[in-house]
Amino acid sequence: MNETPPLTPEALEDFLSKARAASGLLKALSHETRLLMLCILCQGEKSVTEIEQFLGIQQAVVSQQLARLRSDNVVQTRREGRQIHYRIADPQLAELISVLYKMYCGPTPVTRDVESALTDA
């Protein structure tokens, strides 16, 4: 069995710092509406109006949750006239959100048993 080497004080401090950052990110992701917004944004940049229409919730709620994501440095903005467009700030985070989307939001894959039952019917 491989044994993990003991952590040096420097390595432990680095580990704790990264754990704090991960914890903060997970807190930002732990809200259902914010997570839905990020799933939408993992498909590409969207305006507030597009997010509002997709989710069917009030603009004030969308703006409030986007402000929280912005303050946590999870999303970045781009202004085009009066429209503000949002995108996920970090490509690694976009990848994580894509995995969560595939696991929980994407279409459920049809298993071979179900597929053969449908074609045999």
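Bear in mind the structure is a predicted one, so any value in this text is a computation, not a measurement. Index from 1, following the sequence. Just so it is clear, the values below take in all heavy atoms, side chains as well, and ignore hydrogens, waters and symmetry mates.
Here the OG-CZ distance, from Ser47 to Arg78, works out to 10.0 Å after rounding to the nearest 0.5 Å. Here the straight-line distance linking atom CG of Leu69 with atom CD of Gln65 works out to 7.0 Å at 0.5 Å rounding. Here the straight-line distance linking atom CE of Met37 with atom CG of Leu55 works out to 6.0 Å at 0.5 Å rounding. Atoms CG and NE2, from Leu38 and His31 in turn, are 12.0 Å apart once rounded to the nearest 0.5 Å. For the atom pair CD (Glu52) and NZ (Lys46), the distance works out to 15.0 Å, reported to the nearest 0.5 Å.
The closest side-chain heavy-atom distance from Ile51 to Leu41 is below 4.5 Å. Here the side chains of Gln53 and Thr49 are in contact, with some heavy-atom distance below 4.5 Å. Contact check for Leu29 versus Ile97: side-chain heavy atoms found under the 4.5 Å cut-off. A heavy-atom distance below 4.5 Å is found between the side chains of Cys42 and Ile88.
A continuous path of hydrophobic side-chain contacts links Leu93 to Met103 [ILVMFWY only; heavy atoms under 4.5 Å]. Under the 4.5 Å side-chain heavy-atom criterion for grouping Ile, Leu, Val, Met, Phe, Trp and Tyr, Tyr101 is not connected to Leu35 through any hydrophobic cluster. Hydrophobic clustering keeps Leu25 apart from Leu16 (ILVMFWY residues linked when any side-chain heavy atoms are closer than 4.5 Å, directly or through intermediates).
With hydrogens and angles disregarded, no donor-acceptor distance shorter than 3.5 Å links the side chain of Gln83 to the backbone of Glu80. Judged purely by atom type and a 3.5 angstrom limit, Ser23 has no side-chain atom pairing as donor or acceptor with the backbone of Arg20. Formation of a donor-acceptor pair under 3.5 Å by the Ser17 side chain with backbone atoms of Glu13 is not found in this model.
Across every non-hydrogen atom of Ile84 and Arg79, the tightest pair is CD1-NH2, 3.5 Å.
Judged as a salt bridge (charged side-chain N to carboxylate O under 4.0 Å, His left out), and not counting sequence neighbours, the contacts of Arg68 are Asp72.
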